[in-house]
Amino acid sequence: IPVDPFDLVIFGATGDLARRKILPALFRRVMAGQAPNGSRIIGASRSDLDNAAFQKLTKEAIHEFVPKSDYKSADLDGFLAMLSYQTIDAFSDAGWGELASALQKGANPVRAFYLSVSPSLITSTTQHMKAFDLITPETRVVVEKPLGTDLASAKALNETLRDAFDESQIYRIDHYLGKETVQNLMALRFANIFLEPLWNAKYVDHVQITVAESVTVEGRGEYYDTSGAMRDMIQNHLMQLLCLVAMEPPAHFEADSVRNEKLKVIHALSPVDIRDTVRAQYRASDKTGSYLDHVNDPHSRTESYVAIKTEVSNWRWAGVPFYLRTGKALKKRVSEITLIFKQVPHSIFPDLADDYQNKLVIRLQPEEGITLHMTVKEPGPGGMRLTEVPLDMSFAEIIPDNVAIDAYERLIMDAIRGNQTLFMRGDEVEAAWGWTDHIIEQWNASSSKPVTYDQGSTGPEDAIALMARDNRRWQRLD
Ligand code: BG6
């Protein structure tokens with residue numbers, strides 16, 4: 001889908017996110033021919049660089065984060081030629097006038113700002129953008145987590161943003177919404193008729209949402225310890241996935257239609273009792289230290305793992321538990337959503353296990369795809385023997401390599417294009433904080449400490465017990 005020529009300013013352009021994600025994503029989209037001639041990318045930050053130094057830094061980032069086989073050196077030269085740089089200071093007027101005149105000279109129809117800066121800089125940055133008249137009606141602003149650390153700070157951030165921009169100009173990124181399979185979940189649900197009659201409490205026994213990671217927090221313990229799995233993953237990524245599974249069909253595939261339906265899901269979530277949560281920290285392994293060794297505070301109670309049982313209390317889902325789990329230092333990197341269906345009401349086959357349940361697995365990573373587990377007759381003359389087979393749709397097999405795109409590529413281009421469908425609205429973010437705050441407050445008030453789990457395991461015993469209490473089991477992590 002074409003975009004209009006744009007000017008994109010990246011605040012915090014020398015930071016880690018810009019180097020790892022934003023600049024490589026832009027490079028790939030430019031290579032794919034998505035940046036019309038004359039489009040410009042302007043890096044801005046406090047570092048005292050000139051254009052050439054910023055181009056050099058970007059070149060190094062591309063060398064580091066984009067495989068050499070994906071591009072030719074002429075592609076990179078073309079991309080670097082789009083880049084310029086302006087030193088600015090968020091806390092003074094230094095550099096802002098120059099940025100304003102650079103933008104004015106040969107201004108392109110679309111103007112976008114990417115606020116890749118720490119939360120403490122957002123207010124002063126947006127105030128300067130306003131004061132120096134950088135914001136036009138065609139301006140979009142992209143912001144990223146942390147979008148607050150609780151409801152109060154999320155409200156304050158929304159107020160700051162809305163003081164300078166209209167809600168229709170604000171693009172809040174949750175990179176999970178940019179993942180291919182997440183959008184496929186919407187296609188699966190709303191472009192096919194056969195699942196909808198089953199997509200409710202009458203046929204679904206329960207839903208599991210897992211985002212497991214094998215990495216520890218070593219090296220980023222300082223940030224992570226102020227956040228924990230609840231703020232880092234549940235409040236945003238897992239809640240968004242839950243919303244997409246549970247929401248009613250929107251009237252249109254359009255930003256506010258979709259976001260209104262997601263918001264209704266968050267509002268329908270039952271407040272979670274602390275007994276329906278498990279928080280845990282990983283133990284030391286032979287190779288590396290424990291969670292407490294990887295953060296500065298030896299008494300930290302921050303969780304590197306969370307499991308939660310919740311319910312969407314509405315007509316469609318009443319009585320269907322949604323089990324969420326996420327953690328670091330687990331057995332495998334797996335993100336998937338599983339719907340476990342109820343048993344058949346009456347089995348006519350002695351061979352059908354009493355507890356057999358169909359499953360629909362939506363895999364976000366590592367191998368993106370959708371699998372329906374169903375029972376069929378074992379082929380051959382052996383009588384009426386049953387066996388489970390996966391009806392498997394692997395994206396790797398059907399999508400040629402050259403069209404697969406990373407979440408950041410999709411989201412940045414959507415922001416430039418002016419399509420907010422895959423971005424969170426302010427009220428959604430606040431509602432999600434309201435729900436997670438309730439759990440965090442109970443944890444803080446409790447005298448109990450996080451339990452522990454082995455690195456490389458599937459999580460703590462207590463999480464297994466959370467399921468076992470309901471006669472259920474987590475999906476295997478392999
Ligand atoms: C980020 C979290 O938002 O998502 C990280 O801050 C986490 O802690 C990452 O590792 C996971 O993203 P992905 O796309 O690798 O699953």
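None of these values were measured; they are calculated from a predicted model. Just follow the structure's listing: the first ligand is 1, and inside any ligand the first atom is 1.
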Practice item. Check whether any N or O atom of Lys328, backbone or side chain, sits under 3.5 Å from an N or O atom of ligand 1, and answer yes or no. Key: yes
Check your understanding: Can you tell me if Tyr176 has a non-hydrogen atom under 4.0 Å from ligand 1?
Key -> yes
Check your understanding: For Gln365, is at least one N or O under 3.5 Å away from an N or O on ligand 1?
Key -> yes
Exercise for review: Measure Lys21 to ligand 1 on non-hydrogen atoms and call it side chain, backbone, both or neither using the 4.0 Å cut-off.
Suggested key: neither
Review point. Relative to the heavy atoms of Lys145, which atoms of ligand 1 are at a distance of less than 4.0 Å?
Key: 1 (C), 2 (C), 3 (O), 6 (O)
Point to revise | Numbered atoms of ligand 1 (with element) below 4.0 Å of Asp232, judged on heavy atoms | key: 2 (C), 5 (C), 6 (O), 8 (O)
**Study point:** Exceeds 12 heavy-atom contacts within 6.0 angstrom, atom CD of Glu196
**Key:** yes
Exercise for review: Could you check whether the rings of Phe322 and Trp317 sit parallel, tilted or perpendicular, using 30° and 60° as the cut-offs?
Suggested key: perpendicular
Exercise for review: Identify the protein heavy atom lying closest to atom 10 (O) of ligand 1, giving its residue, its atom name and the separation to 0.1 Å.
Suggested key: Glu213 OE2, 2.5 Å
Exercise for review: Say whether Ser335 and Gln365, considering side chains only, have a donor N or O and an acceptor N or O under 3.5 Å apart.
Suggested key: yes
**Study point:** NZ/NE/NH1/NH2 to OD/OE distance under 4.0 Å, Glu218 and Lys328
**Key:** no
Check your understanding: For ligand 1, which atoms have a heavy atom of Arg220 less than 4.0 angstrom away?
Key -> 5 (C), 6 (O), 8 (O)
**Study point:** Arg333-ligand 1 polar pair, N/O distance under 3.5 Å
**Key:** yes
Point to revise | Proximal ligand 1 atoms for Lys179, defined as those under 4.0 Å from one of its heavy atoms | key: 13 (P), 14 (O), 16 (O)
Exercise for review: Working to the nearest 0.5 Å, report the span between CZ of Arg325 and CD1 of Ile209.
Suggested key: 11.5 Å
Practice item. May I ask you to say whether Lys56 pairs ionically with Glu60, meaning some side-chain N is under 4.0 Å from a carboxylate O? Key: yes
Point to revise | Heavy-atom nearest neighbour in the protein, as seen from atom 12 (O) of ligand 1, with distance rounded to 0.1 Å | key: His175 NE2, 3.1 Å
Point to revise | Ligand-side contact atoms (ligand 1) for residue partner His237, heavy atom cut-off under 4.0 Å | key: 1 (C), 3 (O), 4 (O)
Review point. Is Trp443 close to Val306 at the side-chain level, that is, under 4.5 Å between some pair of heavy atoms?
Key: yes
**Study point:** Any donor-acceptor N or O pair under 3.5 Å, side chains Ser290, Asp293
**Key:** yes
